[in-house]
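Heads up: the structure comes next, in structure tokens.
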Amino acid sequence: MERREKTKEERRIKFKAELAHNTGLCMLLSVGYDGKKRCAVLKLLELDTQKVYYWYDNTGHKPYLLTDLPQEVVLNNPRVVSHPGFHSVELVKKYDSLNDRKVLMTKVKAKDPLSIGGGGNDLRTIIRRVWEARIKYHNCYIYDRRLVPGMLYVVRDGRLKRVMVKIPDELKREVYAIFEGASEELKTMLEEWLPLFFVKVPKIERLALDIEVFSPEPEHVPDPKEAKYAIIAISLVSTDGLRKVLVLEREDVKRGERPDYMDPDVEVEFFKEERDLILAALDTIIRYPVLLTYNGDDFDLRYIWNRARRLGITRDQIPFTSERDHIDLVTGVHVDLYRFFENRSIQVYAFSNKYKEVTLDAISQALLGIGKVKRLTAISELSLYDLAAYCFRDARLTLELTTFNDDLVMKLIVLLMRITKLSINEVTRTQVSTWIRNLVYYEHRRLNYLIPNKEDILQRKGETTTRAIIKGKKYKGAIVIQPKVGVHFNVVVLDFASLYPSIISRWNLSYDTVRCPHPECRKNKVPGTPHWVCTKRRGILSQIIWLLRDIRVYWFKPKSKDKSLPEDRRSLFSVVQQALKVILNASYGVFGAEEFPLYCPPVAESTTAIGRYVITRTTEKAREIGLEVLYGDTDSVFIHNPDPEKLKALMEWSSKELGIDLDIDKKYRYVTFSGLKKNYLGVFEDGTVDIKGLIGKKSNTPEFVRETFYEVVNILGQVKSFDEFKEAKERIRKIMVSRYTQLKNRRLTLDKLAIRVMMSKPLYSYTKTTPQHVKAAKQLVSAGKHVKPGDVIWFVKVRGPEGVKPVQLARIDEIDPDKYVDYMKTAFEQILEPLDIDFDSILGGRRLDSFFNNS
DNA sequence: GCGGACTGCTTACCT
DNA sequence: ACAGGTAAGCAGTCCGCG
């Protein structure tokens, strides 16, 4: 996309996005910076009209940095005062939490953010002794004005005002009861935070878009930078019922038949000119406040822009703006769902790893139960109606990823905006460390704390002291208790509800409290480390986590399951608790991540050290009172056939002695342990099977092995008592025999035997070794295919020197059956061995290999 | 020249 | 640009073997 473009203001006028002077109720979508006007600019979504308004800062807020040099010194520095961006200086008081003292600082204001930093000859380089000089201006503006993206505002006579929604007293009382006895500071904080959780997420109209592009080579996706080939279809699907595909008529391509899987209400419009097609799409785009795409930042919108320019459409006619790392919309905001779902925390914590590959097909298959349209023909060879149907599905899926389950994803995004104080553009495109950094910075400003420099934290607090088990890691982590091999009936799993956040809040862990400057606190040791924790002040992180954890555990989580509440309340509560979970789960890890600006090794190390102390003390106590501990991992203990009284005693002991809640998490009818850590099968009371870490479950296990594995698992789910294993064993034997016969006779397709492994990096960077999936990928490349990071390689084991072949290039008669026998054996031994079933003998003494060898 | 012991790399999983 | 711990399978290396 072209670098030079008109100012935000000029483009706003061009596309008729109005200035906010007097508005109805609005939601704050984003905060940016206008380089020409030299001020912050807000995008506000008016709820009634779904119109997006611009509001430019009129408070005179300026970018700044802080320095400990006195004002006179700064003013006597000619390089500062003669700097063209220099504005003024001001004396400010701050609390320096790292050193527990009040400090006077000089605030150096500038006319624009680049003069503070990033402009080469900037004030932060000139002054050198600086704080808070690397915060992006739009975020700094949010902190100082205490804005909360995702919350409600109005503009009256040009003045921006927060709209306060009254929370019913009854509700307030309930929540405050949780924090009874908490400090005044925490209660003030609660006052600020409560509305963010309880104010309903407003309706947000949105339009999903997807494009298809002609390509002369079927395997090649055209480069959006060049946009050399025609856009042949654009689909547009919206929350207000628009369902449309714009299709380009091409000389040699037939319209064909309208496929029946495309709903009859989908409108297909044909265009003779590509230019008209693009303009029609742009015309629709500007009518919605939110544009949704899947990979629009890197493909669809970029392609449209460059293609439009190529076709002579002027910049003035294209409502996109090119930002540093994404494409935004002049008349609203652009949410690229690929960027959002790519976020590891969203993937793991919000969607519990339900999708593994970050492709539209995989995600929608996992979350919506429907994938992309399957096609065998190249895009460019589809008939026009088939093309329309294919393209339509993609936009539909993109929209539905935000609407399913009562707008879950949209609500989650808004809740995350409120919690992290990030604009919608940023929260959907950044990782969890950015979220946590931003929310912690915001609290610093609210409390008038000086935001520390990373080097100062490291210098004062130092490095870690424990030794990690894994080579290359910085400090010791969690404990895993060796499991007792075999089958165990009636097992109760106890766990510490969000252990690490509990530790951070209860033990007052924070970069400002661990190894604090007071000599009298040194007695307050963290077990297993030389570190100590402050006894005089509450740490800022500990305070934040306390609030977020307790409100989640004691309020939102139970309320989201409370059937007596109306459905819409419950669904909001459930989203809130999920959003909090995402944040809380990452709150410990970031302090052990070197790149995090508040990186503090002793904080991370103390957290895991206390975790080890907690689980160790708990197992000791359990054994002491006569409970049998079968297994445990980090924050859980598996107890065999417990006396309920003793169980209760243990839980009470934990909250009293350790200050951390120990709850019943799960009850199993029985559990089988193979003897390996992080590896077991548990059957719940209702017969559902819970599988952890077993090979049969892993995504790279061949489908054939996995199917067989789940058939066996299904039988195990039906076993109610020890005696029933005998019958189960016989049924398992039958399954194995039939499956092996199937394999022997090669009555299966190659893809059932495929091992699927994801390439995590580009092909050329495998320099140390050549793993099998890389070998297969190299063969694909030789055959003219393209592979890139994130692609899953499907390969089979074959006889011959290479040993592997990608499925696309292999034949069923080439496979090496012995390798699959081994696979089967390891996969099944993990569940059969604890039941005392011998893998080889289960087929009546015959070696499994014989099934292959006599073929 | 070959096979076993070993280490290291890579991926996928658990908490 | 959240963390560490566990496991599997393979690649590659070293060592011993008259």
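Residue numbering restarts at 1 for every chain, and letters A, B, ... go by the order of the sequence lines.
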Problem - Among C/dC10, C/dC2, B/dA12, the nucleotide that comes nearest once only the side chain of A/V757 is considered - result: B/dA12
Exercise for the section: Scan A/A604 against the nucleic acid and name what it touches under 4.0 Å (heavy atoms): base, sugar-phosphate only, or nothing. Expected result: nothing
Problem - First encountered from the 5' end of DNA chain B, between A/S636 and A/K761 - result: A/K761
Handout entry: Nucleotide B/dC14, atom P - distance to CG of A/N585 in whole Å
Key = 15 Å
Practice task
Could you tell me whether A/Y475 contacts a base, only the sugar-phosphate backbone, or nothing, with contacts defined as non-hydrogen atoms closer than 4.0 Å?
Solution key: sugar-phosphate
Completion exercise
Here the distance between atom P of C/dT6 and atom CG of A/L694, to the nearest Å, is 17 Å
Problem - Selection from C/dG4, B/dT11, C/dC2 that lies nearest to any side-chain heavy atom of A/K474 - result: C/dG4
Handout entry: Presence of A/K677 side-chain N/O under 4.0 Å of C/dT6 phosphate oxygens OP1/OP2
Key = yes
Practice task
Would you indicate what A/Y680 reaches in the nucleic acid, counting non-hydrogen atoms under 4.0 angstrom: base, sugar-phosphate, or nothing?
Solution key: sugar-phosphate
Exercise for the section: Remember a base hit wins even if backbone is also touched, and classify A/S587 as base, sugar-phosphate or nothing at under 4.0 Å, heavy atoms. Expected result: nothing
Completion exercise
dist A/R418:CZ -> A/I413:CD1 (nearest 0.5 Å) comes out at 13.0 Å
Problem - Mutual orientation of the aromatic rings belonging to A/F351 and A/F341 [parallel < 30°, tilted 30-60°, perpendicular > 60°] - result: tilted
Practice task
Taking only the side-chain heavy atoms of A/S699 (C-beta and beyond), determine which of B/dT10, B/dC14, B/dC13 contains the nearest atom.
Solution key: B/dC13
Fill in the blank from the handout: Rounded to whole Å, the CZ-C1' distance (A/F795 to B/dT10) equals 11 Å
Handout entry: Smallest separation among heavy atoms of A/I755 and A/P702, with atom names
Key = CG1-CG, 3.8 Å
Problem - A/K473 side chain near C/dG5 phosphate (N/O to OP1/OP2, under 4.0 Å) - result: no
Handout entry: Rounded interatomic separation in angstrom, taking CD from A/Q772 and C1' from C/dA8
Key = 12 Å
Handout entry: Any A/S760 side-chain nitrogen or oxygen under 4.0 Å from OP1 or OP2 of B/dT11
Key = yes
Problem - Phosphate OP1/OP2 of B/dT10 contacted by A/H773 side-chain N/O (<4.0 Å) - result: no
Exercise for the section: Would you classify A/K819 as touching base, sugar-phosphate or nothing, given that sugar-phosphate means primed atoms plus P, OP1 and OP2, and contacts are heavy atoms under 4.0 Å? Expected result: nothing
Practice task
Look at the aromatic rings of A/Y449 and A/H444 and report parallel, tilted or perpendicular, splitting at 30° and 60°.
Solution key: perpendicular
Practice task
Looking at every strand, decide which applies to A/G477 at a 4.0 Å heavy-atom threshold: base, sugar-phosphate, or nothing.
Solution key: sugar-phosphate
Handout entry: Contact under 4.0 Å: A/K692 side-chain N or O vs C/dT6 OP1/OP2
Key = no
Handout entry: Aromatic plane relationship, A/Y143 with A/Y441 - under 30° parallel, 30 to 60° tilted, over 60° perpendicular
Key = perpendicular
Problem - Euclidean distance, atom CG of residue A/D665 to atom P of B/dC14 [Å, nearest integer] - result: 14 Å
Fill in the blank from the handout: In short, A/I451 meets A/E132 closest at the heavy-atom pair N-OE2, 2.9 Å
Exercise for the section: Using the six-membered ring of A/F709, assess whether NZ or CZ of A/K697 lies under 6.0 Å from its centre and within 45 degrees of the ring axis. Expected result: no
Completion exercise
Against the side chain of A/M758, the closest entry in C/dC2, C/dA11, B/dA12 is B/dA12
Practice task
Have a look at A/Y500 and say if it touches a base, only the backbone sugar-phosphate, or nothing, with a 4.0 Å heavy-atom cut-off.
Solution key: nothing
Exercise for the section: For A/K698, answer base if it contacts any base atom (sugar-phosphate contacts may also be present), sugar-phosphate if it contacts only those atoms, and nothing otherwise; contact means non-hydrogen atoms under 4.0 Å. Expected result: base
Practice task
Remember a base hit wins even if backbone is also touched, and classify A/T607 as base, sugar-phosphate or nothing at under 4.0 Å, heavy atoms.
Solution key: nothing
Fill in the blank from the handout: The nucleotide from B/dC13, C/dG9, C/dA1 with an atom nearest the side chain of A/K356 is B/dC13
Problem - Closest-nucleotide ordering on DNA chain C, the 5'-leading residue of A/A593 and A/V480 - result: A/A593
Exercise for the section: Could you state the atom-to-atom distance from NZ of A/K775 to P of C/dG12 in whole Å? Expected result: 7 Å
Exercise for the section: Looking at every strand, decide which applies to A/L676 at a 4.0 Å heavy-atom threshold: base, sugar-phosphate, or nothing. Expected result: sugar-phosphate
Exercise for the section: Output yes when at least one side-chain N/O atom of A/T826 is less than 4.0 Å from OP1 or OP2 of C/dG9, else no. Expected result: yes
Handout entry: Polar side-chain contact A/K768-B/dC9 base: donor and acceptor under 3.5 Å
Key = no
Practice task
Between B/dC9, B/dT15, C/dA8, spot the one nearest the side chain of A/D635, thanks.
Solution key: B/dT15
Problem - Closest to side chain of A/Q431, choosing from C/dC2, C/dG5, C/dA11 - result: C/dC2
Handout entry: Closest contact, heavy atoms only, A/F340 versus A/I346
Key = CZ-CD1, 3.7 Å
Problem - Rounded distance (Å) that lies between atom P of B/dC13 and atom CD of A/E357 - result: 12 Å
Problem - Side-chain N,O (A/S433) to OP1/OP2 (C/dC2) below 4.0 Å - result: yes
Completion exercise
A/Y766 atom OH is separated from C/dC10 atom P, nearest whole Å, by 16 Å
